[in-house]
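First comes the structure, then the notes that go with it.
As the structure is a prediction and not an experimental result, all values here were calculated from the model. Count residues from 1 along the sequence.
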Amino acid sequence: MNRYYVDLHIHIGRTWTGKPVKITGAKSLTFTNIIEHARHEKGLNMVGIIDSHSPEVILEMESLIQSGEICEHQDGGLIFGDLTVIPGSELEIYDEQSNGPIHLLMFFPNLTIMREFSSWLSGHLKNIQLSSQRIYVTGLVLQKKVKDLGGIFIPAHVFTPFKSLYGKGVNKSLTEVLNPDLIDGIELGLSSDTHMADQLGELHKYTFVTNSDAHSLAKIAREYQVMAMKEPTFLELQKALKGEGGRHIIANYGLDPLLGKYHKTVCAECLNPLNHDDQLCDQCGKNKVIKGVADRILELKTADTSPPGRPPYVHQVPLEFIPGLGPRMLEKLVNHFGSEMAILHEVPYDALTEVVPAKIAELIMKAREGNVTLAAGGGGKYGKIAD
């Protein structure tokens with residue numbers, strides 16, 4: 001088996017003609033820019049681009065195939081040198097079984113199937129051009145369609161307070177809205193980790209994935225996983241999510257939950273941290289609360305330990321969180337050492353100090369080892385390194 005760096009949740013901001021796809025995504029997030037940045041700057045081996053249902057994005061992918069810049073692998077995936085693209089989609093359901101909107105990820109092996117899925121979608125949502133649109137079918141119907149097309153189905157950022165399975169969508173169990181047998185994995189999101197998620201016993205049978213949910217090029221690979229596969233293809237990804245034939249996730253790499261935007265319960269008006277049972281903010285007096293992921297998981301807790309064989313979750317601070325490491329200095333590091341993956345995992349301290357000040361090199365090493373002090377985030381505001 002080989003080791004591959006994988007981030008399965010990257011948004012398209014604009015099409016190649018400049019039309020918006022993910023409204024909140026950066027204009028620089030075109031398909032072509034994403035694959036070049038993910039391959040050359042980030043050092044990833046597989047990415048999921050989850051707005052690939054948009055017709056103009058399909059046209060761009062087809063154009064790149066026709067020009068020979070990318071090609072389709074017989075086992076699924078679009079090959080761009082040593083990077084494989086898995087075309088996917090993020091959709092929102094809010095049916096009569098759910099308490100609120102839920103975001104879901106689905107992935108397909110090739111453009112023929114993605115075109116078929118896009119055509120089907122166009123009859124069930126208002127704007128096929130845009131990302132994360134509400135689809136007017138039930139979660140169960142969507143799951144069946146994805147599986148009929150041979151796709152992968154993964155609930156997205158399942159604990160965030162807005163637009164997620166446990167944050168808003170259900171009272172207690174995913175079975176309220178989804179068929180548990182048609183789920184291929186669970187995306188944890190930036191404000192939780194494996195230890196937290198495994199407090200829900202019903203999640204023990206699923207593989208956890210950690211992805212960036214990138215809305216800009218810089219955010220790509222802020223969370224990712226290392227997978228053991230024979231080669232980076234759609235078929236191998238399916239097997240790795242199921243743990244078949246020696247394929248598996250070796251480790252999940254993600255933010256310490258304290259750095260996530262929704263870890264702590266806060267006042268919605270002033271972001272003052274609140275205790276779980278607080279009804280009024282002692283700072284502004286308002287009673288609008290954004291429940292943090294940590295408190296929501298405690299409400300749902302049914303287990304104390306992870307199941308046997310669960311991969312390690314490595315708390316890793318993305319380089320953009322390092323104080324003093326601005327875009328220009330980061331670009332200098334990447335140009336010197338080849339990729340952000342190399343800087344995060346491989347480059348020794350002495351080599352780093354040849355390119356950046358010793359203080360920055362020390363923080364990179366501390367972040368790699370999990371030895372930085374963090375101030376928790378909440379209410380949509382990221383945590384930060386307190387060192």
Of the non-hydrogen atoms in [X] and [Y], which two are nearest, and what is the gap between them?
| X | Y | result |
| --- | --- | --- |
| Ala361 | Val356 | N-CG2, 4.0 Å |
| Phe108 | Ile86 | O-CG2, 4.1 Å |
| Asp193 | His315 | OD2-NE2, 2.8 Å |

**Report entry** Sole residue of Leu178, Asp184, Leu174, Ile102 in side-chain contact (heavy atoms from CB on, under 4.5 Å) with Pro155
**Finding:** Leu178

Are side-chain heavy atoms of [X] and [Y] found at a separation under 4.5 Å?
| X | Y | answer |
| --- | --- | --- |
| Pro180 | Tyr206 | yes |
| Phe107 | Ile50 | yes |
| Gln129 | Pro55 | yes |
| Arg134 | Leu125 | no |
| Tyr349 | Glu362 | yes |
| Ile65 | Glu72 | yes |
| Lys172 | Tyr166 | no |
| Arg247 | Leu237 | no |

Query raised in the report: When rounded to the nearest 0.5 angstrom, what distance separates OG in Ser212 from CG in Leu190?
Result: 8.0 Å

[X] side chain to [Y] side chain, donor-acceptor N/O pair below 3.5 angstrom:
| X | Y | value |
| --- | --- | --- |
| Glu69 | Ser67 | yes |
| His53 | Ser118 | no |
| Gln199 | Thr302 | no |
| Thr175 | Ser173 | yes |
| Asp51 | Ser131 | yes |
| Thr17 | Glu56 | yes |
| Asn252 | Thr210 | yes |
| Ser28 | Asn33 | no |
| Glu90 | His11 | yes |

Requested in this report: Examine Arg296 relative to Phe159 and say whether NZ or CZ is less than 6.0 Å from the centre of the six-membered ring and inside a 45° cone about the ring axis.
Outcome: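 No, Arg296 does not lie over the aromatic ring of Phe159.
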
With the threshold set at 4.0 Å, does a side-chain nitrogen-carboxylate oxygen contact exist between [X] and [Y]?
| X | Y | answer |
| --- | --- | --- |
| Arg39 | Asp82 | yes |
| Lys42 | Glu340 | yes |
| Glu299 | Lys291 | yes |

Query raised in the report: In a check of side chain to side chain donor-acceptor pair (under 3.5 Å) between Asn211 and each of His9, Glu187, Glu223, His157, which one passes?
Result: Glu187

Report task. Measure the acute angle between the ring planes of His345 and Tyr253, then classify it against the limits of 30° and 60° as parallel, tilted or perpendicular. Result -> perpendicular

Query raised in the report: Considering residues, nucleotides and ligands other than Lys230, do more than 12 of their heavy atoms fall under 6.0 Å from its NZ?
Result: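 Atom NZ in Lys230 is not crowded, with 12 or fewer foreign heavy atoms closer than 6.0 Å.
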
Query raised in the report: If only atom types and distance count, is the side chain of Thr15 paired as donor or acceptor with the main-chain N or O of Lys19 below 3.5 Å?
Result: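 Yes, the answer is positive, given that a donor and an acceptor are paired below the 3.5 Å cut-off.
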
Query raised in the report: Under the 3.5 angstrom rule, does the side chain of Ser339 hit a backbone N or O of Glu41 as a donor-acceptor pair?
Result: no

Query raised in the report: Can the ring centres of Phe234 and His73 be said to be less than 6.0 Å apart?
Result: no

